[in-house]
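Just so you know, ligand 1 is whichever comes first in the structure, and atom 1 is the first atom listed for that ligand. Residues: numbered from 1 along the sequence shown.
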Amino acid sequence: MHPSTELVHFDPAPGDPLRPTATPIYQTATFSQVDADGQGLYDYSRSGNPTRSVLQQQLARLEGGCAAFVFSSGMTALSTLTGLLEAGDHIVTGDDLYGGTYRLLDRVSRRHGLTSTAVDLTDLDAVRAALRSRTRLLLVETPTNPLQRISDLRGLAAICQAHGCLLAVDNSLLSPLLQKPLELGADLVVHSATKHLAGHSDVTAGVLAVKDPELATRLAFLQNAEGTALGPFDSWLLLRGLKTLSVRLERQQANARRVAAFLAAHQAIKRVHYPGLPGHPGAALHRSQAQGPGAVISFETGHLALSRQVVEATRLFSISVSFGNVCSFISLPCRMSHASIPATVRAERALPEDLVRLSIGIEAAEDLLADLAQALRPRSQLQPDQPRARQVANNYL
Ligand SMILES: *Cc1c(COP(=O)(O)O)cnc(C)c1O
């Protein structure tokens, strides 16, 4: 079955004699048991809840895994992932990485005895060189966020298999509709479901999907032992958002292709990072492992002041961290989503301070292009009252 069909065709309420066509919100913490031995499908919502179960099964199916687990945020999913390791273990990860993941590994996991090394994951030799005897996990984002670098997932899976460590792929930027890491050899898929999967910026949630039943048992244990699962109402919101993932993403990606082409041809833009552009160094590799370039674009203007101007002068793009929403977002990663990476580390990793990130929504492409064109005009041509106009527009929204 095509994923677009899978997204809307599933049993919304297994075992419910009323046969609802949408999943009910089982907003209950406890379930009565049929006898004193505690017999019953569910007992306590930390351990299991029917709304969450439908969502988890749906996510496992979409990622091609044996099981999936939903958490209160993407960070909780990542933190649970590190819970699979023991003190003294080592993690290899990328040097262009979501800021919150960097912070988790650097300031939380480290205190629990886990060490990590960040390398350029586009270079398989660098990855091999970073492995140690206690390396138990390779954590990858491809495309990376925000620089959109592409890593060879099949190549990384082979390295992990030879070394006997787990390969986890943070697939937030693409979703299973565009990339299925488990089919390419990964052991786990991580999502910030806050992004594309939910799609409406109305819920924070995270996902771990796995291929191996033994790993699934360990994650189910951690989800229950640590009490990190997503609540019934948020599970329902995510399930509802997920149904329209394919129509949202198709439109967002079609818009993103047009925006990327527009930016690449614009004289005020120094460099555009988007794997859908023919000049992107990882474009061919990306096509070999993914079904599309997604809806996130980043670009450099060469001048922090100009980048700031663009961010503040757009009217339709809201100045927001995050991506994957139906409305377009614009941000300066070094000041916003990636500010938790110290400036010295950002400089070492060549993360340009003038980098602007766009998350493209489902608006009409012409409106987005017109908005970017006016925001990129030399400052003297901008309306003097524009920042205020923007303020009003945002307050109104
Ligand atoms: C947002 C994000 C996260 C963290 O997810 P939250 O839902 O915000 O906790 C992790 N990885 C990537 C790639 C992200 O973009």
Assign the ring pair Phe71 / Phe69 to parallel, tilted or perpendicular, where the plane angle (0 to 90°) is split at 30° and 60°. tilted
Taking only residues at least two apart or on different chains, which pairs with a member in residues 80-91 satisfy side-chain hydrogen bond (donor to acceptor under 3.5 Å, both in side chains)? Asp89-Arg134, His90-Thr117, His90-Thr135
With a 6.0 Å cut-off (strictly less than), is the heavy-atom count around CZ of Arg46, excluding the residue itself, greater than 12? yes
In a simple table, one pair per line, please give the protein and ligand 1 atom names for every N or O pair closer than 3.5 Å, along with the distance.
| unit_1 | atom_1 | unit_2 | atom_2 | d |
| --- | --- | --- | --- | --- |
| ligand 1 | 5 (O) | Ser192 | OG | 3.0 |
| ligand 1 | 7 (O) | Gly74 | N | 2.9 |
| ligand 1 | 7 (O) | Ser192 | OG | 2.8 |
| ligand 1 | 7 (O) | Thr194 | OG1 | 2.6 |
| ligand 1 | 9 (O) | Gly74 | N | 3.0 |
| ligand 1 | 9 (O) | Met75 | N | 2.9 |
| ligand 1 | 11 (N) | Asp170 | OD2 | 2.7 |
| ligand 1 | 15 (O) | Lys195 | NZ | 2.6 |

Please, which pairs that meet salt bridge (charged side-chain N to carboxylate O under 4.0 Å, His left out) have at least one residue in residues 252-274, sequence neighbours excluded? Arg258-Glu366, Lys270-Glu300, Arg271-Glu300
Would you give me the side-chain donor-acceptor pairs under 3.5 Å for residues 95-103, sequence neighbours excluded?
| unit_1 | atom_1 | unit_2 | atom_2 | d |
| --- | --- | --- | --- | --- |
| Asp96 | OD2 | Thr144 | OG1 | 2.5 |
| Asp96 | OD2 | Leu147 | N | 3.0 |

Say whether Thr76 and Ser73, considering side chains only, have a donor N or O and an acceptor N or O under 3.5 Å apart. yes
